[in-house]
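Each remark here refers to the structure printed beneath this line.
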Amino acid sequence: MRLWQSRRTTILLVTHDIDEAIYMGDRIVIMTPNPGRIERTIPVNLDRPRQRNSREFLALRSEILELLHFASSTARDTRGVKGEASGIKSAASFQPAIGNQPPAS
């Protein structure tokens, strides 16, 4: 977070850690396994500093866990082979709030 705060630039973080993605990201992009496609983009509308034990944080975490369970089942069913949730990746991006710039889409 200090690097982001000092550089004031967009950073893309690729992680398998849902808590880390929520804690650091402004958007979370859920991707499917092979071939990697965007399953869903989830905005993270939580104030900073984020509290990992807040009701809003935990609700978003639960929502993402449900989505990953659904996404892994869908991948398994459509490929005809056993997929694993570990094949699902998330990417979190965050941008500094500078002036009156609208958030990037």
Side-chain angles (χ1 to χ4, degrees):
M1 294 301 297
R2 284 181 288 198
L3 177 64
W4 170 70
Q5 290 170 334
S6 67
R7 300 257 175 130
R8 309 300 289 174
T9 187
T10 300
I11 296 175
L12 177 67
L13 168 70
V14 178
T15 183
H16 290 139
D17 187 322
I18 296 167
D19 287 4
E20 181 179 51
I22 297 169
Y23 187 76
M24 297 183 71
D26 292 326
R27 285 181 293 235
I28 298 174
V29 178
I30 306 295
M31 297 182 69
T32 62
N34 305 321
R37 293 197 175 122
I38 294 175
E39 175 77 20
R40 183 170 300 171
T41 301
I42 301 168
V44 180
N45 298 318
L46 302 176
D47 293 332
R48 284 196 171 90
R50 296 189 176 148
Q51 303 300 317
R52 293 178 191 243
N53 60 351
S54 73
R55 183 180 318 183
E56 296 83 6
F57 189 102
L58 295 173
L60 184 55
R61 184 177 188 272
S62 293
E63 176 186 334
I64 293 168
L65 285 170
E66 287 293 321
L67 175 64
L68 291 177
H69 175 72
F70 173 75
S72 66
S73 297
T74 301
R76 179 175 44 252
D77 294 343
T78 59
R79 289 194 329 244
V81 296
K82 290 195 173 196
E84 293 184 17
S86 63
I88 307 287
K89 294 181 175 61
S90 62
S93 67
F94 44 102
Q95 295 179 307
I98 301 174
N100 293 326
Q101 289 182 331
S105 50

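Basis for what follows: all heavy atoms, side chains included, without hydrogens, waters or symmetry-related copies.
Heavy-atom minimum distance, Ala21 versus Thr15: CB-CG2, 3.9 Å. The shortest heavy-atom contact between Leu58 and Arg52 is CD2-O, 3.5 Å. Nearest approach of Glu39 to Leu67, heavy atoms of both residues: CG-CD1, 4.5 Å.
Here the CG atom belonging to Leu60 is positioned 6.5 Å from the CD1 atom belonging to Ile42, to the nearest 0.5 angstrom. How far CZ of Arg27 is from CG of Asn45: 11.0 Å, rounded to the nearest 0.5 Å. Going from atom CZ of Arg50 over to atom CD of Glu56 covers 11.5 Å, rounded to the nearest 0.5 Å.
In terms of modelled atom types and a separation under 3.5 Å, the side chain of Thr32 and the main chain of Arg37 share a donor-acceptor contact. Between the side chain of Arg40 and the main chain of Ile64, no donor-acceptor pair closer than 3.5 Å is present. Judged by distance alone, the side chain of Ser62 and the main-chain N or O of Leu65 form no donor-acceptor pair under 3.5 Å.
For the pair Phe57 and Asp19, the minimum side-chain heavy-atom distance is below 4.5 Å. Counting heavy atoms from C-beta outward, Ile11 and Met24 have side chains that stay 4.5 Å or more apart.
Salt bridge annotation for Asp26-Arg48: present, with a cationic side-chain nitrogen under 4.0 angstrom from a carboxylate oxygen.
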